[in-house]
2 protein chains.
Amino acid sequence: MVNYEAELDAIFMALGHPARRAILARLGQGEAAVGELAQPLDMSLPAVTKHLKVLERAKLISRSKNAQWRPCRLEQAPLNSASDWIADQRKVWESRLDRLDSYLQTLHQNTKRGAKK
Amino acid sequence: MVNYEAELDAIFMALGHPARRAILARLGQGEAAVGELAQPLDMSLPAVTKHLKVLERAKLISRSKNAQWRPCRLEQAPLNSASDWIADQRKVWESRLDRLDSYLQTLHQNTKRGAKK
DNA sequence: TTCGTAATTAACCATATGGTTAAATTAAAC
DNA sequence: GTTTAATTTAACCATATGGTTAATTACGAA
């Protein structure tokens, strides 16, 4: 197992702002330039540029050049890391609940047994 | 569909710090008090208290009382919201990739057809 | 070469994060 | 009732976020 801590920090932090999730959702439909991403966002272009930098740092997007446009596109790997972390977390949590459940069932059996005696 | 934007902000933001993910991982094994959570964390107790507040705000944990201890326990719902968001995002992204793929295949077919002519 | 468009950088500001130490709280235990 | 242990609150600090407007860069078109 590798230590993805710092990557996960950047990824989850990047996902923690509605504008950035909106940008990712838009990019799910395909590449877009900054102006297009900015349009539904009720903030200035420089603000959008900053959000894009955060997404880029988390490697959630990558960028290219086309004349005076700098189109953005989605990168899927970091989202996979994020959901992997959550899935791992849930795995531990659920196996613990299973153990707790079987423990409670055992308890219950013993209670019934005890009651019969 | 409901607007969970603010909840997602708090959840993803909370997941964006290694100490908080470590706390959640520990709580996956079962309840723990603050001192126990703090032990592996190389920071002061007040710092841990602050992280716990962030996790509580995101409803990722809940707390109770037991004498002078305030045990924490994991709550699973917010992690579900988080992975649901990622899953939805991936769904859109992948269906787009599928459409792109079939488009490219069509292109390829037409190219072969064109070559035959 | 000048003009217009897309985007970024610079400079600034307010608030939030993430940490510290010292003091206060809370509740058991003696 | 004093002491001790667990935790929180208060006060402080440095840096990061998230936004603004104004200036600058990069590029195509006229």
Side-chain angles (χ1 to χ4, degrees), chain A residues 5-27 30-74 78 82, chain B residues 5-27 30-74 78 82:
Chain A
E5 288 296 302
E7 285 88 343
L8 284 175
D9 292 353
I11 296 163
F12 281 124
M13 180 274 181
L15 295 177
H17 192 290
R20 291 192 291 259
R21 288 197 305 279
I23 288 171
L24 293 179
R26 167 61 190 81
L27 292 178
E31 274 199 8
V34 183
E36 192 184 340
L37 294 172
Q39 217 181 328
L41 284 186
D42 193 33
M43 66 180 67
S44 66
L45 267 167
V48 176
T49 295
K50 288 190 186 180
H51 285 300
L52 293 177
K53 278 191 193 306
V54 173
L55 291 169
E56 224 180 339
R57 186 171 68 200
K59 299 194 168 67
L60 282 158
I61 64 170
S62 62
R63 315 199 56 183
S64 46
K65 282 195 183 182
N66 176 11
Q68 65 266 60
W69 292 272
R70 316 286 153 83
C72 305
R73 60 194 226 71
L74 202 57
Chain B
E5 287 297 300
E7 286 88 342
L8 284 176
D9 292 352
I11 296 163
F12 280 124
M13 180 275 181
L15 295 177
H17 192 290
R20 290 191 291 260
R21 289 197 305 280
I23 288 171
L24 293 179
R26 166 61 190 81
L27 292 178
E31 274 199 8
V34 183
E36 191 184 342
L37 294 172
Q39 219 183 325
L41 285 187
D42 194 32
M43 66 179 66
S44 66
L45 269 166
V48 175
T49 294
K50 287 191 185 180
H51 285 301
L52 293 177
K53 278 192 192 307
V54 173
L55 291 168
E56 223 180 340
R57 187 171 68 201
K59 299 193 170 67
L60 282 157
I61 65 170
S62 63
R63 314 198 58 182
S64 46
K65 282 194 182 183
N66 175 10
Q68 64 265 62
W69 291 271
R70 315 286 154 84
C72 305
R73 59 194 225 74
L74 202 55

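Chain letters run A, B, ... following the sequence lines, proteins first, then strands; residues in each count from 1. Below, all heavy atoms of this structure are taken into account, side chains as well, without hydrogens, waters or symmetry copies.
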Main-chain N/O of E5(A) paired to R21(B) side chain as donor or acceptor, under 3.5 Å: yes

Does [X] make a side-chain N or O approach to OP1 or OP2 of [N] shorter than 4.0 Å?
X: S44(B); N: dG19(C); value: no
X: R63(B); N: dT7(D); value: no
X: H17(A); N: dA16(D); value: no

Which atoms form the tightest heavy-atom contact between [X] and [Y], and what is the distance?
X: N66(B); Y: P71(B); result: N-CD, 4.1 Å
X: V34(B); Y: R63(B); result: CG2-NH2, 3.1 Å
X: A33(A); Y: W69(A); result: CB-CD1, 3.7 Å
X: A14(A); Y: R20(A); result: O-NE, 2.8 Å

Side chain of V34(A) (C-beta onward), nearest among dT8(C), dT9(D), dG19(D): dT8(C)

Write down the distance between [atom1] ([X]) and [atom2] ([N]), rounded to a whole number of angstrom.
X: L15(B); N: dT17(C); atom1: CG; atom2: C1'; value: 16 Å
X: N66(B); N: dT26(C); atom1: CG; atom2: P; value: 17 Å
X: M13(A); N: dA16(D); atom1: CE; atom2: P; value: 11 Å
X: M43(A); N: dA14(C); atom1: CE; atom2: C1'; value: 16 Å

Sub-4.0 Å heavy-atom contacts from residues 48-58 of chain B onto DNA chain C, ordered by number: K50(B), H51(B), R57(B)

Contact state string [nucleotides 23-30 of chain D, B base, S sugar-phosphate only, - no protein heavy atom under 4.0 Å]: ---SBS--

Contact check, side chains of P40(A) and R26(A), non-hydrogen atoms, under 4.5 Å: no

L27(B) side chain near L60(B) side chain, heavy-atom distance below 4.5 Å: no

E7(B) and K59(B): CA distance, side-chain angles, deciding distance, salt bridge (Lys or Arg N to Asp or Glu O under 4.0 Å) verdict: CA-CA 9 Å; E7(B) 286 88 342; K59(B) 299 193 170 67; over 6 Å; no

Atom CG of D42(A): over 12 foreign heavy atoms under 6.0 Å: no

Given DNA chain D, 5'-ward residue of the pair L45(B) and P46(A), judged by closest heavy atom: L45(B)

Sugar-phosphate, base or nothing in reach of A33(A), heavy atoms under 4.0 Å: sugar-phosphate

